[in-house]
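Please read the structure below before turning to the comments.
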Number of protein chains: 2
Amino acid sequence: MKKIDIFKKLRSSGLRPTKQRVEIAKFLFERDKTFHFTIESLDKLLAKKTTSRFALATIYNTVHAFKKAGHLSEVDVRGKKTYFDTNISNHHHFYDNETSELIDIDASEVVIQKIPKAPNGKKIKNVEVFINLKN
Amino acid sequence: MKKIDIFKKLRSSGLRPTKQRVEIAKFLFERDKTFHFTIESLDKLLAKKTTSRFALATIYNTVHAFKKAGHLSEVDVRGKKTYFDTNISNHHHFYDNETSELIDIDASEVVIQKIPKAPNGKKIKNVEVFINLKN
DNA sequence: CTCCTAGTTTATAATAATTCTAAAGTAAAA
DNA sequence: TTTTACTTTAGAATTATTATAAACTAGGAG
């Protein structure tokens, strides 16, 4: 994804393309594979990769802005830290407890044959399959 | 579950049946239906139900001891608080975002037809299905 | 191009959930 | 009954996250 596209992506979602947002967006979205991270890991990786310095609050702000705009999704993982995912399509996850690592599973890789009805007055928003791994 | 059984349950899992543990265990396990809670909600409910007072640290200690002994399970829910479940059998959950409420789904209610292989060198520990609800 | 304004970044403080600590208390073995 | 190891407790410490308020900046108005 080129810089011009990053600009478009930000603009179209009502986000001013500031220096910080562009740098973080480039880091997150200029990838072939999907990327999973926590704020902490992102902070460390950005510190290594770029010469700029980002306040932690900026990383929180930016990641949440991207999430709100639909450019990032949040993953349900047990634990204190919040995990984010650059893959925003409907999909599932492996979770490796040993390494605290998430791996995407394409929606087509999982077929559910039977599922219960939603309780009275409620509807099913989405179904997440979470496969815990061991060695 | 009678008091004597609570004693046995604690003893058999290497936990001294102290006053606090017995009271908390009675509150958690003397139920027909499974019970979902966070430390905060348990603390409030205990404060209402019993005359005794428990230090918050004791509730944390006790709940973790029960979990370690296999009497409670922990549920993956996105958010800051940790959810626990008195249902320790393999099962799934509905999650109502509006009310932050969990509802158990019996393992037999969900049939998965197709699932990907675990990555190289890893095995599947368990599969959790999490159904998000909306109104 | 320059000024203005609303949106942004930043360092730091505040909050929330949880864990740690060390002293006082208690269960159960000796 | 005494001893010892395990528990409880209040409060401090830690960790992740959010709020605050002052300094900064992008982009439009003139």
Side-chain angles (χ1 to χ4, degrees), chain A residues 3-4 6-27 36-47 50-69 71-72 74-84 100, chain B residues 3-4 6-27 36-47 50-69 71-72 74-84 100:
Chain A
K3 192 164 185 178
I4 185 75
I6 296 279
F7 268 68
K8 275 185 195 161
K9 181 171 216 164
L10 295 179
R11 272 272 151 60
S12 65
S13 47
L15 297 168
R16 266 194 201 169
T18 64
K19 187 156 56 79
Q20 290 85 344
R21 282 178 183 159
V22 172
E23 273 210 64
I24 295 175
K26 282 166 66 76
F27 184 79
H36 299 101
F37 63 95
T38 64
I39 299 291
E40 191 197 16
S41 71
L42 178 59
D43 181 42
K44 282 185 186 158
L45 291 169
L46 283 172
T50 75
T51 48
S52 334
R53 275 261 153 277
F54 303 94
L56 199 55
T58 301
I59 300 179
Y60 275 97
N61 288 343
T62 303
V63 167
H64 282 129
F66 289 174
K67 191 203 153 192
K68 203 172 171 188
H71 305 313
L72 288 173
E74 201 179 321
V75 188
D76 288 323
V77 183
R78 174 162 53 215
K80 278 176 256 183
K81 286 176 197 159
T82 304
Y83 281 75
F84 295 91
S100 301
Chain B
K3 191 164 184 176
I4 184 75
I6 295 280
F7 268 70
K8 274 185 195 160
K9 181 171 216 162
L10 295 179
R11 272 273 150 60
S12 65
S13 46
L15 297 167
R16 270 191 198 172
T18 63
K19 186 156 56 78
Q20 290 85 342
R21 283 177 183 161
V22 172
E23 273 210 64
I24 295 175
K26 281 165 66 76
F27 184 79
H36 298 102
F37 63 94
T38 64
I39 298 291
E40 190 196 15
S41 71
L42 178 58
D43 181 42
K44 281 184 185 159
L45 291 168
L46 283 171
T50 74
T51 48
S52 335
R53 276 261 153 276
F54 302 93
L56 200 54
T58 301
I59 300 179
Y60 274 97
N61 288 343
T62 304
V63 166
H64 281 129
F66 288 174
K67 191 201 152 193
K68 201 171 172 188
H71 305 312
L72 289 173
E74 202 178 321
V75 187
D76 288 322
V77 183
R78 173 163 53 215
K80 280 176 254 186
K81 287 175 196 159
T82 304
Y83 282 76
F84 295 91
S100 300

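Convention: sequence-line order gives letters A, B, ...; per-chain numbering from 1. Values below: all heavy atoms of this structure, side chains included; hydrogens, waters and symmetry mates excluded.
- Every pair passing salt bridge (charged side-chain N to carboxylate O under 4.0 Å, His left out) that includes a residue from residues 58-69 of chain B is listed here, sequence neighbours excluded: K67(B)-E74(B).
- Put simply, the side chain of K44(B) does not reach to within 4.5 Å of the side chain of F37(B), judged on heavy atoms.
- Not counting sequence neighbours, the partners of K81(B) by the side-chain hydrogen bond (donor to acceptor under 3.5 Å, both in side chains) test are E40(B).
- Looking at L45(A) and F27(A), their side chains come closer than 4.5 Å, going by heavy atoms from C-beta outward.
- As rounded to whole Å, 11 Å separates atom P of dT17(D) from atom CZ of F37(A).
- Taking CG of L72(B) as the reference point, atom OH of Y83(B) lies at 15.5 Å (rounded to 0.5 Å).
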Quick one: what's the B/S/- string for nucleotides 8-18 of chain C, heavy-atom cutoff under 4.0 Å, read 5' to 3'?
SBBB-----SB
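- Separating the CG atom of L10(A) from the C1' atom of dT25(D) is a distance of 16 Å, rounded to the nearest angstrom.
- When the P atom of dT18(D) is taken as reference, atom NZ of K68(A) falls 13 Å away, rounded to whole Å.
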